[in-house]
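Shown next, in structure tokens, is the structure this report addresses.
So you know, we letter chains A, B, ... as the sequences are listed, proteins then strands, and number each from 1. A quick note: this is a predicted structure, and the numbers were derived from the prediction, not measured.
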Amino acid sequence: MVENRPWLNVLTHCVLVLGVIIVALPVYLAFIASTHGPTEFLQGIVPLLPGPHLLENYGEVLTQGMTTSGAPPLLNMLANSTLMALIIVVGKISISIISAYAIVYFRFPLRTLAFWVIFITLMLPVEVRIIPTFKVVADLGMLNSYAGLTIPLIASATATFLFRQFFLTVPDELMEAARVDGAGPLKFFRDILLPLSRTNIAALSVILFIYGWIQYLWPLLVTTDPKYYTIVMGIKRMATVADSDPKWNLVMAAVVLAMIPPVFVVIAMQRLFVKGLVETEK
Amino acid sequence: MQTKRTIFPNRVLPYLLLTPQMLITLIFFIWPAGQAVKSSFEREDPFGFKTQFIWFQNYTKLFADPSYLNSVGRTAVFAVSVTVISMSVSLLLAIAVNRLLRTGRIYTTLLVWPYAVAPVVAGILWWFMFNPSIGILPYLLSFAGIDWNHRVNAGNAMTLIVLASSWKQISYNFLFFVAGLQSVPQSLSEAAAIDGAGPFKRFWTIIFPLLSPTTFFLMIVNINYAMFDTFGTIDATTSGGPAQSTNILVYKVYSDGFLGLNIGSSSAQSVLLMGIVIVLTVIQFRWVERRVQY
């Protein structure tokens, strides 16, 4: 603090409180809506204070889903989302840590080419090559399966680069000492490099879990069987129907449930989350 | 390219380690991208029986198509609005948090979590608030004499998707601005304060210029976000309507190709979008290289 200016401190807090209100308002209204009965939405505007139907609404979406819009029970979709996010976390981290290891600790023909091939994936988001990617997955018979949901998403340039940067900062002496002691490349990787990468892996896991959880377009394309719906795409189906047949209380209960796991991860692991976010952009 | 001073001598192991990443990249990234390029030069008959090589016809048709040009314009308006709104709000919040010592952490926690909200969920949240029949905001706006209806009014629809997309991006920009502000040396501000510069002058003449690398980086990231990651937001709120007014490029690729089954045109649009991503990525990485010398 350079100098003391009381009015500026007051203004600072006003700005921040206003910011927090703007950020929280949409979610607050969604939560309120999820605690009311269906009749409250037939006329007038959304209530601003909680209603008495909290448990009833959440119980209904969790165990029965919304039959009118063909949405399966939310418990099922939540399980799918969790599974999808976890497979993506584990898959992305495993394949990128070993490819970073290969690129940093070995010298072999085609090394630069491999690096560029990985780099190119940054430039090809799913959104710009929807149809051909869908075709490949369909031809491989991977529609409506967990493999189809996750494998096309687990190649990652950012994770590989993060590990590459980190490996380059690991002192060369460690590897020389390991070699003198007779450790081969796999032993060195398992016993020295992997434990050293723990924090990076944890930070990256937080980011990738959120990445996996909020996927929308991809699950929308590859799943037609409600058994494999993820919650984020399932909600969209419920909301579309809600416009004509207002069951806002149930839709908003689903929205709140879809937000809880990733938001919890961000808040509970804030330090790792910030580290992961800043590091992956380097 | 950088490597270690000493390396392991194995011949086969590095290839084995790279295999999973390479396979997935080739099958699910490079091959489909190649297919998109290929079919952007072809015309497929509606039943998919035969394809015909037609050079650049898909592209020339695209640039003569008013609905594509409209989509380019809409995308520009959308991306610029999202970038400007979410970056200015975040910068303001970051400056405020940076002034505080202890309470800053609590505010940070309360501001960062929308990062974890899926774009499509952000869309539904704002769509609910702006719902013409029961939403709270149209109700308040009606007192100001504004009749809100994003189902028929193009301006309203654009406002809705801009607000929803900016809302979700605030937390990301905020974190990077806070990090940027913390790396500006305190001594510079102190020296300026001794010379009699007030807080606003200090910000505009010292802190803001020193923050320019962060600002520039965030600008690129935000344009990228607005152009490609907002698919869910749009699909949940306006689906490109009314009358194509929110049909941004990435949504048009989907609606023309996946729903409209016009493969040639959709592929040509894909290829053009890939070009945009490549340019943005190159700019972003050149910036990173420059920052290393700081």
Report, one line per pair, each donor and acceptor closer than 3.5 Å where one atom sits in a side chain of residues 92-103 of chain A; sequence neighbours left out.
residue : atom : partner : partner atom : Å
A:K92   : NZ   : A:L153  : O            : 3.4
A:S94   : OG   : A:V90   : O            : 2.3
A:S96   : OG   : A:K92   : O            : 2.3
A:S99   : OG   : A:I95   : O            : 2.7
A:S99   : OG   : A:S96   : O            : 3.4
A:Y101  : OH   : A:P185  : O            : 2.6

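Residues A:T133 and B:Q35 fail the side-chain proximity criterion, which asks for heavy atoms closer than 4.5 Å. Between B:V112 and A:V266, the closest side-chain pair of non-hydrogen atoms falls below 4.5 Å. Using a 4.5 Å cut-off on side-chain heavy atoms (C-beta onward), B:F8 and A:R107 make no contact. Contact of the B:Y254 side chain with the A:E127 side chain is not registered, since no non-hydrogen atoms from C-beta on lie closer than 4.5 Å. Counting heavy atoms from C-beta on, the side chains of A:V23 and B:L110 never come closer than 4.5 Å.
Residue contact with chain B, scored on non-hydrogen atoms closer than 4.5 Å, involves the side chain of A:F273 exclusively. Residue B:W113 touches chain A through both its backbone and its side chain, counting heavy-atom pairs closer than 4.5 Å. Heavy-atom distances place both the backbone and the side chain of B:D235 under 4.5 Å from chain A. For a residue to count as touching a neighbouring chain, one of its non-hydrogen atoms must lie under 4.5 Å from one of that chain's; by this rule B:F200 touches chain A with the side chain only. With a 4.5 Å cut-off on non-hydrogen atoms, B:V97 touches chain A through its backbone and its side chain both. When heavy atoms are compared at a cutoff of 4.5 Å, B:V120 approaches chain A solely by way of its side chain, counted from C-beta outward. The part of B:L13 that comes within reach of chain A is its side chain, from C-beta onward, which places non-hydrogen atoms under 4.5 angstrom from that chain. For a residue to count as touching a neighbouring chain, one of its non-hydrogen atoms must lie under 4.5 Å from one of that chain's; by this rule B:Y15 touches chain A with the side chain only.
For B:T25 (side chain) and A:I118 (main-chain N/O), no donor-acceptor pair under 3.5 Å exists by modelled atom type.
The heavy-atom pair separating B:L93 from A:V15 by the smallest distance is CD2-O, 3.8 Å. Nearest heavy-atom pair across A:P152 and B:F29 is O-CE1, 3.6 Å. Taking every heavy atom of both residues into account, A:P26 and B:M129 meet most closely at CG-CE, 3.7 Å. The two atoms that bring B:T281 and A:L122 nearest to each other are CG2-CD1, 4.1 Å, heavy atoms only. The two residues B:Q21 and A:A155 have their closest heavy-atom pair at OE1-CA, 3.8 Å. In terms of heavy-atom proximity, B:P119 sits nearest to A:I214 at CD-CD1, 4.1 Å.
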Problem set entry | CA sep, side-chain torsions, deciding dist, call: B:R99, A:T12, side chain to side chain donor-acceptor pair (under 3.5 Å) | CA-CA 8 Å; B:R99 278 183 52 82; A:T12 303; 3.0 Å; yes

Exercise. Given A:L277 and B:F176, is the side-chain contact (heavy atoms from CB on, under 4.5 Å) satisfied, shown in steps?
Worked result: CA-CA 9 Å; A:L277 199 63; B:F176 275 85; 4.1 Å; yes

For this session: List the steps and the verdict of side-chain contact (heavy atoms from CB on, under 4.5 Å) for A:M259 and B:V121.
Result: CA-CA 8 Å; A:M259 281 188 293; B:V121 172; 3.9 Å; yes

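When the candidates A:T160, A:I267, A:L18, A:I131 are compared by the number of heavy-atom contacts under 4.5 Å with chain B, A:I131 comes out ahead. If you tally non-hydrogen atom pairs under 4.5 Å between each of A:M123, A:Q215, A:K135 and chain B, the highest count goes to A:M123. The candidate with the highest count of non-hydrogen atom pairs below 4.5 Å against chain B, out of A:L25, A:I120, A:V265, A:V27, is A:V27. Between chain B and the residues A:V255, A:L217, A:I235, the most heavy-atom pairs under 4.5 angstrom are made by A:L217. Counting heavy-atom pairs closer than 4.5 Å to chain B, the top-ranked of the candidates A:T121, A:V117, A:V136, A:V137 is A:T121.
A:F108 does not carry B:R11 over the face of its six-membered ring by the limits of under 6.0 Å from the centre and within 45° of the normal.
At a heavy-atom cut-off of under 4.5 Å, chain A is reached by B:L273, B:M274, B:V277, B:I278 from residues 272-279 of chain B, listed in order of number.
Shown are A:Y28, A:F31, A:W248; of these, the ring-ring contact (aromatic ring centres under 6.0 Å, His included) with B:F128 is made only by A:W248.
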